[in-house]
Every structure is written in C-alpha cells, then in structure tokens.
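Just so it is clear: chains get the letters A, B, ... in the order the sequence lines come, proteins before strands, and each one is counted from 1.
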There are 2 protein chains.
Amino acid sequence: MLKIGELASKTGLTAHTIRFYEKNGLINASERSDAGYRYYTEADVRQAEFVKTARKVGFSVDDVATLLSIRVDKSNHTCQDVTDITQRKLIDVNEKISELLSMQQTLEILLNSCGGGLESATHCSIMEALDASNALNARSFVQ
Amino acid sequence: MLKIGELASKTGLTAHTIRFYEKNGLINASERSDAGYRYYTEADVRQAEFVKTARKVGFSVDDVATLLSIRVDKSNHTCQDVTDITQRKLIDVNEKISELLSMQQTLEILLNSCGGGLESATHCSIMEALDASNALNARSFVQ
DNA sequence: TATAAACTTAGAGTAAACTCTAAGGTCAAG
DNA sequence: CTTGACCTTAGAGTTTACTCTAAGTTTATA
Ligand SMILES: [Zn+2]
Ligand SMILES: [Zn+2]
Ligand SMILES: [Zn+2]
Ligand SMILES: [Zn+2]
C-alpha cells in the first residue's frame, strides 16, 4: 500500500493532482488510515497510470472519467463506445492542428519578410503585413 | 465616427469583445459622447483590424498590446523587437503542433487497432493499449 | 411621444486543468 | 520526546480570452 506521495513519485503525477483527480472521480484510494491518509493498491497504481496515459493522448479529464467507467465494466460496453470517444478526440486534435499550421505558416512568412535587425521598425514588413490585412485583407496571408 | 456596434459589425468582433480589448489596452475610442457612448474613427477601425489580424495569427492579447505599443512609436523600436515576439510565438506554436501531432498519431494507431463494432469492450484493443502502457510503458506508442 | 434598439457600467461567470494556501494532524528516525 | 517530512481539508487562486448579466440611459424611428 502506497501513500499519496509514493503514488505521486511512482506515476509522475503530483499529490495535488492526484487529489484533484480524486475530486473528479478518476482515482480513488482503496483505503484510508484512521488518520485519513490515502492508501493505494497496485490496482490503484495501474488506474493512475491509465489516467496519465489517457491524458497524455489528449483525452480530457471528463473523457478519462468515461473511459474509466467503461474500463471497470467492459462487458457492458462496446468497442464503439470507445472508438466514439477516440474519434471525437481525433477530430478535435485535427482541428487544432490545422489552426496551428495556418498560424505557423503565417508566422514563418512574417519572419522571412523581416530582417529582424536593429534598424527602426518604421518600415518593418511584419508590422506592415499585420496592418495591410486591413486593406489587403485576410486573403493575402492570413489563411 | 462609428458607435461600438458599428465597429463590431465592421470588424467581426462583438461589442463585448471590443470593451474587453479596451480594458486590456488594445482598442480605445477616440471620443466619447456626453452620454458616454464610444465613438471610433477610421484610425480606430484600422487598429481594431490590426488587433483582429494579430490575434488570428496567434498572438496573445498581451503580445498584441506590445505590438501596438511598437506600432504607435515605430521609430523608437527595432525590427528585432518585432521579430523577437514573432519568433517566440512561432516556437510556441511549433511546440503545440508537435504535441498535437504526437496525439494525432497515437489516436490514429488506436483507432486502427479497434474495429469499433458493437461487440463487448472486454478485449478492446484501445482499452488494452491505454492499460498496457503501464507495463509496455510510454515507449511503446505514447511518443 | 412612444417604443425598440443600442448603449452604459461594474462585476460575475465560463471553460479546463490544475496549483496553491492555510492551518493543522501524523509518523518515522534519532 | 522532538524534529522534519509528509499527510489532511476546504476552498481560493491561476491562466486565457472572452461572455454574459443586471439595471439603467440614450437615441433613432414611426
Ligand atoms: Zn457504453
Ligand atoms: Zn521588420
Ligand atoms: Zn522596443
Ligand atoms: Zn475496441
């Protein structure tokens, strides 16, 4: 049985985060000491690691809660339950990626257009470009 | 001179957002009527559009404030001032992209490993993979 | 003139995921 | 026994960028 600090160092989560996850229904201590100390079993460790992995994959805390509810009752859930969540997350991630790629492209164009030296910004092409999109409009370089 | 609602419909911002930007030092009405109504000039419109463009490129509200402070006093700033901000933002965006690409890849692998049908999740490969990373560890598929 | 649309303010609420604080109790080691 | 490290709780704070509300004023139009 591990105390919260031990679970923390074992999983790379902080004790704070573990308590936060508990509040959100993700991780529960199998036991409590008389003094209220949380004690975790090996199964708890595996669950905490499941949570950590799922979070790293991009699932929200709420998603993870849902995944855990499937995990503890697999026979009453289907693969589709799982792929639905995963599919939604992928769409989500793809959207964010394409927004960011568009920003990336614009930022690179901006940087390539400006020497970045110590001369006055009076004719800085980045400033001009950010301004120009008034007249030249979004079509020119923003998207 | 435009009222806030007119500036809003002209820029695609909402009146709420414009007031929020004002509170954050991004957009100020050149005039106020006796009743306190904000009145915006064409220069204000251009500034609001600068703000909108800069936000769309990914600059934070704080970044935009800095860019605006350069904009109103270009001769006392350098191109480097501008590229520094832009560079930082690009690094930022690149980091986010690579995190998201890693998630994307993992999610795709997960989805490819599971049929997603109506059969029981008892042996769902997604659930197994999220669990497996306990034993198999992060090296296997998460990053 | 009456009504509706638009405007004003300060301040609270939202979202997500933590992160930290205060004030105090517990436990192992020396 | 006395440290010091670790644990407890409820609840507030952080970050970013809005978004909304309430309660009241002003303006344009019919
Ligand atoms: Zn189900
Ligand atoms: Zn420049
Ligand atoms: Zn400067
Ligand atoms: Zn499956």
The side chain of A/Ala35 is closest to which nucleotide in this list: C/dC27, D/dT9, D/dC18?
C/dC27
Please state how far atom CD1 in A/Ile4 lies from atom C1' in C/dC27, giving the value in whole angstrom units.
16 Å
For the side chain of B/Thr17, counting heavy atoms from C-beta on, which of D/dC18, C/dC18, D/dT9 is nearest?
D/dC18
Distance check needed: D/dT16 P versus B/Asp62 CG, whole Å only.
7 Å
CG (A/Asp92) and OG1 (A/Thr86) are apart, to the nearest 0.5 Å, by 12.0 Å
It should be established whether A/Arg55 places a side-chain nitrogen or oxygen under 4.0 Å from OP1 or OP2 of nucleotide C/dA16.
no
Take the protein atom CG of A/Leu13 and the nucleotide atom P of C/dC18, then report the distance between them rounded to whole Å.
9 Å
Between B/Lys3 and B/Val61, who's closer to the 5' end of DNA chain D by nearest nucleotide?
B/Val61
Find the distance B/Asp63:CG to D/dA17:P and express it as a whole number of Å.
8 Å
Once you apply a heavy-atom cut-off of 4.0 Å, does B/Thr14 come out as touching a base, just sugar-phosphate, or nothing?
nothing
Identify, between A/Phe59 and B/His16, the residue whose nearest nucleotide on DNA chain C lies closer to the 5' end.
B/His16
Which nucleotide in the list C/dC27, C/dG11, D/dA17 gets nearest to the side chain of B/Lys23?
C/dG11
Spacing between B/Lys96 atom NZ and D/dT15 atom P, to the nearest angstrom
15 Å
I'd like to know if the side chain of B/Glu49 and the backbone of B/Asp44 have a donor-acceptor N/O pair within less than 3.5 Å.
no
Mind calculating the distance between CD1 (B/Ile27) and P (D/dC18) to the nearest angstrom?
10 Å
Protein-nucleotide distance (B/Tyr39, atom OH; C/dT8, atom C1'), rounded to Å
12 Å
Just N and O in the side chain of A/Tyr21: are any of them under 4.0 Å from OP1 or OP2 of C/dA17?
no
Which nucleotide in the set C/dT9, D/dC7, C/dC18 lies at the smallest distance from any side-chain heavy atom of A/Tyr37?
D/dC7
To the nearest 0.5 Å, what is the distance between OG (B/Ser102) and CD1 (B/Ile97)?
13.5 Å
Answer yes or no on whether B/Arg32 is positioned over the face of B/Tyr37, meaning its NZ or CZ is under 6.0 Å from the six-membered ring centre and within 45° of the axis.
no
Could you tell me how far apart B/Phe20 (CZ) and C/dA15 (C1') are, to the nearest whole angstrom?
14 Å
Can you check whether B/Phe59's main-chain N or O pairs, donor with acceptor, with B/Arg55's side chain at less than 3.5 Å?
yes
B/Arg19 side chain near C/dA6 phosphate (N/O to OP1/OP2, under 4.0 Å):
no
Roughly how far, to the nearest 0.5 Å, is OH of A/Tyr40 from CZ of A/Arg46?
15.5 Å
Under 4.0 Å between any heavy atoms, over every strand shown, what does A/Ser33 touch: base, sugar-phosphate, or nothing? Just pick one.
nothing
side-chain N/O B/Arg32 vs C/dT9 OP1/OP2, d < 4.0 Å:
yes
Is the phosphate of C/dC7, meaning OP1 or OP2, less than 4.0 Å from a side-chain N or O of B/Arg38?
no
